[in-house]
2 protein chains.
Amino acid sequence: MSRQNSVPPPTAGLSSDLLLGPVSGTNTFEETVQRLLQTVRLGLIAPGERLPAERDLAAQLGVSRDTLREAIGSLAGAGYLISRRGRYGGTFVSDVLPSPPVVAAETPAGAPHPSITAEEIDDVLTLRDILEVGAARTAAGRVLSPPERELLWSSLVAAADAGADEYRRVDSRLHLYIGELAGSPSLVPLLADVRMRLNELLDAIPLLMPNIAHSNKQHEQIVIAILTGRPAAAAEAMREHLGGTALLLRGFLE
Amino acid sequence: MSRQNSVPPPTAGLSSDLLLGPVSGTNTFEETVQRLLQTVRLGLIAPGERLPAERDLAAQLGVSRDTLREAIGSLAGAGYLISRRGRYGGTFVSDVLPSPPVVAAETPAGAPHPSITAEEIDDVLTLRDILEVGAARTAAGRVLSPPERELLWSSLVAAADAGADEYRRVDSRLHLYIGELAGSPSLVPLLADVRMRLNELLDAIPLLMPNIAHSNKQHEQIVIAILTGRPAAAAEAMREHLGGTALLLRGFLE
DNA sequence: GTGAATGGTGCGGTGTATATACCTTTGAAG
DNA sequence: CTTCAAAGGTATATACACCGCACCATTCAC
């Protein structure tokens with residue numbers, strides 16, 4: 001043990017045992033599960049809709065059908081997916097999604113929160129701020145094709161029209177699509193990841209209608225700023241929007 | 001079953017077969033190699049310095065010693081690491097790092113670029129802009145401890161004093177440390193990844209002294225803005241700084 | 001009833017990762 | 001000069017994740 005013994009080396013002491021972190025240990029299986037979960041939880045495929053056939057999906061994901069099936073099975077067991085066989089069968093997203101395992105916001109006996117620490121909250125909110133504000137700014141700085149513009153607008157409308165039950169999902173989609181408009185393919189999975197983490201936190205607090213209304217108004221400002229090509233305005237609007245959620249979360253959880 | 005299928009589903013056609021992308025297929029072994037490579041290429045451990053003992057490092061990384069050794073062996077073969085046995089031995093970073101396999105910037109026969117496409121360049125630069133500008137802004141918005149402030153400043157000085165041979169490495173460290181000051185642990189690996197991708201591109205173009213001098217000046221502006229707590233100024237300075245590199249890259253490679 | 005598309009099942013092969021134990025080298029301390 | 005501790009080097013056995021393939025069972029349009 002004890003590392004930097006002889007010389008306190010000139011470069012040591014900076015950060016960053018980037019080393020330190022445990023290597024992901026990402027099973028192909030677990031990663032596949034996460035992918036599917038994202039697809040469902042972020043609303044990329046709506047409740048009741050069908051996934052591609054197992055053989056096709058496995059090919060798309062670059063995974064053996066066996067592994068994919070294990071993943072599907074595990075998610076089916078959790079109530080997210082339903083498989084039907086036979087012609088015109090397939091694997092479908094549950095019509096009614098299971099409410100995810102809510103991490104208790106209150107500690108029953110004073111025990112430390114199982115997985116919802118203050119550091120996690122800060123981490124997620126900070127990262128989200130960086131990613132989403134940057135995405136909005138970048139998207140606003142690009143010239144968008146007519147179909148892109150229409151799709152953005154319809155995503156906005158969908159969010160505005162959504163009921164409380166589907167709001168989380170539709171909202172996620174809108175934010176994700178803004179990220180996609182930024183034009184960096186690598187950005188989208190990062191946004192998806194941080195959004196998944198955020199949703200996990202949001203699941204622990206109530207969803208209030210006034211907040212939704214407020215969010216919708218902000219969404220509109222963001223989208224309009226993007227459509228009219230004003231990066232600074234888009235960034236500012238997004239920052240405000242995220243700030244609201246951040247306040248809400250910190251208020252309830254910290 | 002299935003509710004809204006009558007209509008060509010409202011949610012389809014959006015982006016994002018987030019599904020589509022192939023699952024990473026990340027070997028523990030390859031991931032370990034990447035980690036070590038980052039540690040060396042980004043200057044987290046300087047040439048000549050020692051890595052933790054195999055057994056310790058394996059534990060830190062959450063990897064079996066066997067796998068770690070394979071990774072070390074492969075990097076030793078490539079000239080990045082050197083292992084010495086016996087008491088006070090260990091694994092060390094090569095005193096002189098191998099110049100990485102330069103992806104030819106010119107196509108010899110008109111064949112398509114092996115791995116350096118215009119899309120990759122855009123992707124990296126866009127993502128970098130989002131991450132680093134956001135990091136600078138966030139870092140400037142935090143109250144920094146005295147040691148943090150000193151370390152930031154000394155990183156700046158190190159970059160200013162660096163010779164052309166070590167510039168890439170020291171520059172990476174500075175940028176990475178700014179990211180660390182943003183206070184989001186999850187952000188750091190993302191910055192490291194995008195920086196690795198960027199360095200791969202930079203390796204394909206010459207390093208000019210005037211550019212270095214200019215960069216140093218910009219670094220100073222960024223750091224000062226962070227130290228004086230001016231988020232907008234920090235973001236703007238960082239954006240300018242990155243813009244320079246972006247122009248350079250696009251000029252040489254696109 | 002027939003055919004086609006789909007999920008369900010079984011099996012064997014291969015490579016990767018782990019765990020454990022032991023050997024070898026080196027240099028400082030006694 | 002001997003000893004010892006700390007490091008890398010080696011060997012072997014085990015578990016299982018992932019894959020590819022072939023085949024079965026179910027369902028619905030026609």
Side-chain angles (χ1 to χ4, degrees), chain A residues 1-7 9 19 21-36 45 48-94, chain B residues 1-2 5-6 19 22-36 45 48-77 79-94:
Chain A
M1 46 201 89
S2 63
R3 311 172 313 108
Q4 63 346 337
N5 10 24
S6 28
V7 216
L19 293 173
V23 112
S24 71
T26 298
N27 275 17
T28 301
F29 163 70
E30 285 187 18
E31 202 170 337
T32 305
V33 170
Q34 289 308 317
R35 283 288 194 92
L36 296 179
I45 297 185
E49 282 194 66
R50 215 197 96 179
L51 275 62
E54 290 183 352
R55 292 166 175 85
D56 300 340
L57 189 51
Q60 276 183 28
L61 265 56
V63 165
S64 82
R65 198 184 152 209
D66 240 27
T67 305
L68 173 61
R69 279 186 52 75
E70 276 183 65
I72 289 179
S74 129
L75 288 177
Y80 288 99
L81 299 177
I82 298 176
S83 291
R84 284 202 303 272
R85 6 207 286 183
R87 187 88 204 260
Y88 295 81
T91 303
F92 299 80
V93 176
S94 252
Chain B
M1 48 224 52
S2 54
N5 21 16
S6 25
L19 293 172
V23 114
S24 71
T26 298
N27 273 25
T28 302
F29 163 71
E30 284 187 18
E31 201 170 337
T32 305
V33 170
Q34 289 307 318
R35 282 287 194 93
L36 296 179
I45 297 185
E49 281 194 68
R50 217 197 93 179
L51 273 64
E54 289 183 352
R55 291 168 174 85
D56 300 341
L57 189 50
Q60 277 184 27
L61 265 57
V63 165
S64 82
R65 198 184 151 209
D66 243 27
T67 305
L68 172 61
R69 280 185 51 73
E70 275 182 66
I72 288 179
S74 129
L75 288 177
Y80 288 99
L81 299 177
I82 298 177
S83 291
R84 281 202 302 273
R85 3 207 290 182
R87 187 87 201 261
Y88 293 81
T91 303
F92 299 80
V93 175
S94 249

Please answer whether the main-chain N or O of A:L51 pairs with a side-chain N or O of A:T91 as donor and acceptor at a distance below 3.5 Å. no
Compare side-chain N and O positions of B:S83 against OP1 and OP2 of D:dA7 and report whether any pair is under 4.0 Å apart. no
Below 3.5 Å, does any donor atom in the side chain of B:R55 face an acceptor in the base of D:dG8, or the other way round? yes
Side-chain-base donor-acceptor pair under 3.5 Å for B:R69 and D:dG8: no
Does A:T32 use its side chain to pair, donor to acceptor, with the backbone of A:T28 at less than 3.5 Å? yes
Between A:E54 (CD) and D:dC23 (P), how many Å, whole number? 19 Å
Taking atom C1' of C:dT26 as reference, at what distance in whole Å does atom OH of B:Y88 sit? 11 Å
Check every atom of D:dA7, C:dT6, C:dT18 against the side chain of B:T67 and return the nucleotide holding the closest atom. C:dT18
Could you tell me the separation between the OG1 atom of A:T26 and the CD atom of B:E31, rounded to the nearest 0.5 Å? 5.5 Å
Rounded off to whole Å, could you give me the CG-to-P distance for the B:L68 and D:dG9 pair? 11 Å
Could you check B:F29 against A:G90 and say which one's nearest nucleotide on DNA chain C is further toward the 5' end? A:G90
I want to check something: taking the side chain as every heavy atom from C-beta on, are A:L36 and A:L68 in contact at a cut-off of under 4.5 Å? yes
Mind checking the CG-CD spacing from A:D66 to A:E54? Nearest 0.5 Å is all I need. 10.0 Å
Whole angstroms only, please: what is the CD-C1' distance between B:E30 and C:dG15? 13 Å
Taken to the nearest whole Å, CZ/A:R50 to P/D:dC28 is 14 Å
Taking atom P of D:dC19 as reference, at what distance in whole Å does atom CG of A:L57 sit? 13 Å
Selected nucleotide, minimal atom distance to A:D66 side chain, candidates D:dA11, C:dT25, D:dC19: D:dC19
If you assign each of B:I72 and B:R87 to its closest nucleotide in DNA chain D, which residue comes earlier from the 5' end? B:R87
Nearest to side-chain heavy atoms of B:N27, which nucleotide of C:dC11, C:dT16, C:dG7: C:dT16
CG of B:L61 versus P of C:dT18: gap in Å, rounded? 10 Å
Phosphate contact (D:dC18 OP1 or OP2) by A:S64 side-chain N/O below 4.0 Å: no
Compare side-chain N and O positions of A:T28 against OP1 and OP2 of D:dC18 and report whether any pair is under 4.0 Å apart. yes
Please report, rounded to the nearest Å, how far the C1' atom of D:dA6 is from the CZ atom of B:R65. 11 Å
